[in-house]
J.: 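Below you'll find the structure I mean.
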Amino acid sequence: MSNKPDGPEKGKDFIRTIIDKDNEADKYGGRVHTRFPPEPNGYLHIGHAKSICLNFGVARDYQGKCNLRFDDTNPTKEDVEYVDSIREDVKWLGFTWNANPFASDYFEKLYFIAELFIKMGKAYVDHQSADEIRENRGTLKEPGTNSPYRDRPVEENLDLLRKMRAGAMKDGECILRAKIDMAAPNIMLRDPALYRIKHATHHRTGDTWCIYPMYDFTHGLSDAIEGITHSICTLEFENNRPLYNWCVDTLMEGLRQPELFDENAAIYNELAALPGFNQRPYQYEFARLNITGTVLSKRKLIQLVQEGHVSGWDDPRMPTICGFRRRGYTPESLRDFCDRIGVAKADSTVEFAMLEHCVRQDLNERAPRYLGVMDPVRLVIENYPEDQMDEFTMPLHPEDESYGKRTVPFTRELWIERADFMEEPPKKFFRMGPGREVRLRFAYYVTCTGFDKDADGNITEIRATYDPATKGGWSEDGRKVKGTLHWVSIPHAVQAEMRNYGNLFTTDNPNSVEEGKTFIDYINPDSVEVLDTCWVEPALADMAPGTNFQFERTGYYCADTKDHKPGEKLVFNRTATLRDSWAKIQKNG
RNA sequence: UGGGGCGUCGGCAAGCGGUAAGCCAUCAGGUUUUGGUCCUGACAUUCGGGGGUUCGAAUCCUCCCGCCCCAGCCA
């Protein structure tokens with residue numbers, strides 16, 4: 001287990017450093033067991049990917065286990081739609097869970113533990129209203145005051161909790177509270193709620209229950225039940241850690257008193273046999289992910305979807321896992337991103353450029369190359385016979401022959417990119433202009449001989465002559481050309497729609513906005529550019545939905561998984577542009 | 001100003017008393033049938049600030065400053 005006897009490796013995150021120390025101290029007998037515990041009330045986003053990579057990554061690195069546990073303790077917010085999508089996203093990211101339990105699987109056990117806490121004098125049923133409880137909680141500076149129901153006898157509490165469970169009470173009528181300390185400086189410890197009454201149908205347990213356990217009670221105990229060793233969550237739960245420990249410690253203490261289980265020896269034996277009994281879990285917190293130019297809070301993401309600012313959870317502009325997937329991001333690129341950003345405790349915001357770098361790097365290696373013109377203008381090769389055609393064989397990948405080749409037809413009339421021609425080109429413009437010779441990629445050198453404009457001054461047609469001696473795109477005489485252009489033969493061109501995505505917001509930080517505004521006010525009205533008359537080479541006509549590829553000189557694209565229909569309608573989503581040093585030159589002058 | 005955390009390059013992030021890793025971004029070159037890729041080089045005398053301990057401090061002590069989290073019967 002210790003192939004690194006000299007302590008933590010350089011660069012290792014603090015979580016793994018803790019695990020190394022625990023292993024050194026033989027805290028869990030070498031076991032490492034984590035869990036990723038989403039509430040199924042929304043779709044997973046890139047922030048969850050960070051947590052997934054951490055939890056599953058730790059399990060992988062230490063030959064341990066990681067559970068995918070659904071924290072489904074609030075029936076009014078949760079739905080099976082979300083559990084399905086979460087499973088799909090975790091799998092797509094490339095991880096396999098050890099087990100896939102639901103907190104609701106433990107409702108019976110949890111209920112018994114609640115009774116146990118009452119028997120231990122650690123919990124009581126409070127009949128104060130929600131408002132009264134809030135008022136008596138005190139403030140950040142002032143201590144709270146005890147509930148008048150705080151010292152009810154055990155039997156009365158037990159009776160009340162059983163009535164709660166039996167449905168004898170209405171929502172909000174009373175609540176089960178931990179008896180801790182109403183004067184605790186940490187407000188989380190001022191007799192927090194353990195169980196509330198909710199006459200609601202749960203997506204899995206139906207109407208079996210009308211009382212549901214709260215997060216803090218459920219989470220630590222579920223960890224203990226599953227034998228979790230390291231319970232990793234985000235920073236905002238730091239204040240909950242003492243309560244997490246209180247719940248787990250109280251359970252452990254109760255398990256040392258088998259007499260309290262008199263009527264339920266079976267449950268006692270089951271709980272006492274759990275690995276988490278003697279090797280209790282501990283919680284550790286890391287900083288959640290923030291990325292420039294987007295929002296990563298579930299509430300905001302839901303709002304974007306519900307108010308129709310995006311087409312859905314999988315809109316390619318969404319920072320959701322399914323959004324990135326549809327946009328063309330690969331699981332490898334997302335995992336690489338999570339590895340690169342690290343795990344620490346300082347609040348931070350990672351630049352979107354880091355993510356873009358990760359996809360570009362992955363796709364550069366793996367995406368086959370094709371030619372496609374998104375803003376077409378006609379190029380006529382005047383000295384190329386009308387009835388002639390060349391078929392050029394081009395490699396699908398410039399650095400990897402194993403990708404093979406495809407054939408691309410070349411004729412007298414071609415589509416080229418409007419941006420590749422300038423009537424009066426500046427010195428640093430290496431593309432086509434009157435009298436200039438450029439290369440048509442893998443085809444011929446051509447020299448511009450003229451062009452036409454319409455009444456508005458738009459270029460309508462460009463004319464050129466080709467040099468037959470430059471077939472394949474190179475010249476034996478060694479003469480060089482500055483630019484290489486992509487092109488598509490007009491008679492063979494296949495029409496396609498390209499969806500070019502940009503920033504969803506007009507600001508780098510939609511989370512902090514001017515007073516009186518919300519992040520919605522910063523939505524970029526031009527975040528997607530749909531170009532429906534693009535022309536692409538014939539090889540693309542049958543491309544399967546979801547395929548990643550590169551349009552040479554333009555960017556990485558992905559055949560849309562919903563609207564792209566091979567042979568019928570081609571729809572390509574832009575995953576990322578290629579790095580563009582010409583754009584920089586234009587910008588900086 | 002109750003409690004809990006955090007402050008190292010433009011953005012992430014190592015560092016754990018021995019004299020500031022790496023990545024992204026940026027800039028400058030080279031290669032190139034993608035202005036892509038690739039390659040080379042530059043990029044913190046300084047670690048939020050002030051004191052102190054030490055031969056030696058980003059690392060220890062101390063005071064100060066700044067930012068984040070907590071008063072759901074949400075998670």
Side-chain angles (χ1 to χ4, degrees), chain A residues 7-8 10-13 17 37-39 41 71-74 76-78 126 128-130 133-135 137-144 171-177 184-190 192-198 211-212 214-216 218-219 233-242 285 287 292 298 337 339-358 360-361 364-365 369 371 394 398-399 428-431 439-443 445 472-474 480-486 550-555 577-585:
Chain A
K10 188 167 190 150
K12 173 179 318 197
D13 61 63
T17 302
E39 180 186 16
N41 69 344
D71 231 329
D72 58 343
T73 56
N74 187 349
T76 57
K77 288 193 173 179
E78 297 147 9
D126 194 344
Q128 292 182 106
S129 68
I133 288 180
R134 191 186 327 112
E135 280 161 26
R137 186 149 30 223
T139 66
L140 293 180
K141 291 181 187 174
E142 300 150 23
D171 287 11
E173 196 173 325
C174 57
I175 190 167
L176 182 71
R177 289 231 258 171
N186 179 352
I187 294 175
M188 295 295 320
L189 261 19
R190 319 244 259 232
L194 261 27
Y195 260 94
R196 79 287 213 180
I197 300 168
K198 243 184 213 286
I211 59 172
Y212 292 92
M214 300 291 291
Y215 165 81
D216 291 289
T218 308
H219 205 85
C233 62
T234 43
L235 247 30
E236 66 269 27
F237 292 99
E238 278 178 323
N239 299 319
N240 300 56
R241 194 194 325 143
E285 310 87 9
T292 57
K298 207 170 268 185
F337 173 73
D339 286 344
R340 284 175 194 248
I341 59 176
V343 177
K345 294 194 68 134
D347 294 306
S348 61
T349 302
V350 179
E351 289 173 347
F352 192 84
M354 182 83 92
L355 234 188
E356 270 198 312
H357 168 81
C358 293
R360 287 198 186 111
Q361 184 177 281
N364 175 54
E365 263 178 55
R369 318 283 141 123
L371 302 183
M394 305 187 191
E399 278 112 40
K428 286 180 175 172
F429 187 80
F430 301 152
R431 307 175 187 181
R439 170 167 42 232
L440 293 179
R441 173 133 234 217
F442 288 115
Y445 283 10
W474 62 284
K480 303 280 191 213
V481 287
K482 279 279 186 91
T484 299
L485 275 44
H486 57 278
Q550 183 197 96
F551 274 127
E552 293 212 34
R553 303 212 305 133
T554 305
T577 60
L578 254 34
R579 287 185 64 196
D580 188 350
S581 53
W582 165 237
K584 270 179 202 164
I585 292 169

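Note that this is a predicted model, so its numbers are computed, not measured. These numbers come from the heavy atoms of this one structure, side chains and all, not from hydrogens, waters or symmetry mates. Every chain is numbered from 1 and lettered A, B, ... according to where its sequence line falls, protein lines coming before strand lines.
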J.: Report the distance from atom CG of A/Leu189 to atom P of B/rG3, rounded to the nearest whole Å.
T.: 14 Å

J.: Could you check which of B/rC73, B/rC12, B/rA14 has an atom nearest any side-chain atom of A/Ala130?
T.: B/rC73

J.: Check every atom of B/rU26, B/rC12, B/rG2 against the side chain of A/Ile341 and return the nucleotide holding the closest atom.
T.: B/rC12

J.: Tell me: CD of A/Glu285 to P of B/rG3, nearest whole Å?
T.: 19 Å

J.: Under a 3.5 Å distance rule, please check whether A/Arg553 uses its side chain to pair with a backbone N or O of A/Thr484 as donor and acceptor.
T.: yes

J.: Roughly how many Å apart are B/rG52 and B/rA71, using the P atom of each and rounding to a whole number?
T.: 42 Å

J.: Just the rounded figure in Å: distance from P of B/rU32 to CH2 of A/Trp474.
T.: 15 Å

J.: For B/rC73, take OP1 and OP2 only and decide whether either is under 4.0 Å from a side-chain N or O of A/Arg134.
T.: no

J.: Identify the heavy atoms of A/Ile197 and A/Cys174 that sit nearest to each other, and give their distance.
T.: CD1-O, 3.6 Å

J.: Looking at the side chain of A/Glu238, which of B/rC73, B/rC12, B/rG4 is the nearest nucleotide?
T.: B/rG4

J.: Base, sugar-phosphate or nothing for A/Pro143? Non-hydrogen atoms, less than 4.0 Å.
T.: nothing

J.: Rounding to an integer number of angstrom, what distance separates B/rC24 and B/rC65 when you compare their C1' atoms?
T.: 30 Å

J.: Does B/rU32 have its OP1 or OP2 closer than 4.0 Å to a side-chain nitrogen or oxygen of A/Arg439?
T.: no

J.: Give a yes/no on whether any side-chain N or O of A/His357 is located under 4.0 angstrom from OP1 or OP2 of B/rC24.
T.: yes

J.: By the rule that syn is within 90° of 0, classify the base conformation of B/rG72 as syn or anti.
T.: syn

J.: Among the candidates B/rA25, B/rC74, B/rC70, find the nucleotide nearest to the side-chain atoms of A/Met214.
T.: B/rC74

J.: Could you give the distance separating B/rA44 and B/rC23 at their C1' atoms, to the nearest angstrom?
T.: 16 Å

J.: Across all strands, who's sitting opposite B/rA14 as a Watson-Crick or G-U wobble pair, both distances under 3.5 Å?
T.: none

J.: Would you state whether a donor and an acceptor, one from the side chain of A/Gln361 and one from the base of B/rU37, lie under 3.5 Å apart?
T.: no

J.: Can you tell me the pairing partner of B/rC6 across any strand shown, Watson-Crick or G-U wobble, with both distances under 3.5 angstrom?
T.: B/rG66

J.: Quote, to the nearest angstrom, the C1' distance that separates B/rG18 from B/rC60.
T.: 14 Å

J.: From B/rC24, B/rC70, B/rA75, pick the nucleotide closest to the side chain of A/Leu140?
T.: B/rC70

J.: Please measure how far the C1' atom in B/rA25 lies from the corresponding atom in B/rG66, and state the result in whole Å.
T.: 26 Å

J.: Please confirm whether the shortest side-chain N or O distance from A/Lys584 to OP1 or OP2 of B/rU26 is below 4.0 Å.
T.: yes

J.: Tell me: CZ of A/Arg579 to C1' of B/rC24, nearest whole Å?
T.: 10 Å

J.: Tell me the interatomic distance from A/Ile197, atom CD1, to B/rC73, atom C1', rounded to whole angstroms.
T.: 9 Å

J.: Identify, between A/Arg360 and A/Val343, the residue whose nearest nucleotide on RNA chain B lies closer to the 5' end.
T.: A/Val343

J.: Is A/Tyr445 touching bases, backbone alone, or none of the nucleic acid, heavy atoms closer than 4.0 Å?
T.: nothing

J.: Give the rounded distance in Å between these two atoms: CG of A/Leu355 and C1' of B/rG11.
T.: 13 Å

J.: Looking at every non-hydrogen atom in both residues, tell me the closest pair between A/Phe551 and A/Leu578 and how far apart they are.
T.: O-CD2, 4.5 Å

J.: Please give the distance between the P atoms of B/rU46 and B/rA21 as a whole number of Å.
T.: 15 Å

J.: Where the side chain of A/Glu399 is defined as all heavy atoms beyond and including C-beta, which of B/rC73, B/rC12, B/rU37 is the nearest nucleotide?
T.: B/rU37

J.: Specify the closest pair of heavy atoms between A/Val350 and A/Met354, including all atoms of both residues, with the distance to one decimal.
T.: CG1-CB, 3.8 Å

J.: Among B/rG36, B/rG11, B/rC6, which is the nearest nucleotide to the side chain of A/Ala346?
T.: B/rC6

J.: Of the non-hydrogen atoms in A/Pro398 and A/Arg369, which two are nearest, and what is the gap between them?
T.: CD-CG, 3.7 Å

J.: Looking at A/Thr139, I'd like to know whether one of its side-chain N or O atoms comes within less than 4.0 Å of OP1 or OP2 on B/rG2.
T.: no

J.: Between B/rA75, B/rC24, B/rA71, which nucleotide gets closest to the side-chain atoms of A/Asn74?
T.: B/rA75

J.: Which nucleotide in the set B/rC70, B/rC23, B/rA25 lies at the smallest distance from any side-chain heavy atom of A/Ala353?
T.: B/rA25

J.: Would you say B/rC74 has OP1 or OP2 under 4.0 Å from some side-chain N or O of A/Lys198?
T.: yes

J.: Would you classify A/Glu78 as touching base, sugar-phosphate or nothing, given that sugar-phosphate means primed atoms plus P, OP1 and OP2, and contacts are heavy atoms under 4.0 Å?
T.: nothing

J.: Does any N or O donor sit under 3.5 Å from an N or O acceptor when you compare the side chain of A/Asn239 with the base of B/rG3?
T.: yes

J.: Please determine whether a side-chain nitrogen or oxygen atom of A/Thr73 lies at a distance below 4.0 Å from atom OP1 or OP2 of B/rA75.
T.: yes

J.: If you look at every strand shown and take non-hydrogen atoms under 4.0 Å, does A/Phe237 touch a base, only sugar-phosphate, or nothing?
T.: base

J.: Is A/Lys77 salt-bridged to A/Glu39, going by a charged N under 4.0 Å from an acidic O?
T.: no

J.: Without decimals, in angstroms, what is the distance between A/Lys141 NZ and B/rA71 C1'?
T.: 13 Å

J.: Please evaluate the base of B/rG10 for a donor-acceptor partner in the side chain of A/Glu351 within a cut-off of under 3.5 Å?
T.: yes

J.: Go through B/rC69, B/rU37, B/rC73 for me and flag the one nearest to the A/Ala193 side chain.
T.: B/rC73

J.: Roughly how many Å apart are B/rC12 and B/rU8, using the C1' atom of each and rounding to a whole number?
T.: 12 Å

J.: A/Lys584 versus A/Arg579: any side-chain heavy-atom pair under 4.5 Å?
T.: yes

J.: Please measure how far the P atom in B/rU19 lies from the corresponding atom in B/rA57, and state the result in whole Å.
T.: 12 Å

J.: Do you know which two heavy atoms are closest between A/Tyr212 and A/Thr73, and how far apart they sit?
T.: CB-O, 3.5 Å

J.: Could you give the OH-to-P distance, from A/Tyr195 to B/rC74, as a whole number of Å?
T.: 14 Å

J.: Can you tell me the base-pairing partner of B/rU53? Count Watson-Crick or G-U wobble geometry only, both distances below 3.5 Å, and say none if there is no partner.
T.: none

J.: Show the nearest heavy-atom pair for residues A/Phe337 and A/Cys358, with the distance to one decimal.
T.: CA-SG, 3.6 Å

J.: Counting only side-chain N and O atoms of A/Arg137, is one of them less than 4.0 Å from OP1 or OP2 of B/rC73?
T.: yes

J.: Give none if B/rU34 has no partner; otherwise give the nucleotide forming a Watson-Crick or G-U wobble pair with it, both distances under 3.5 Å.
T.: none

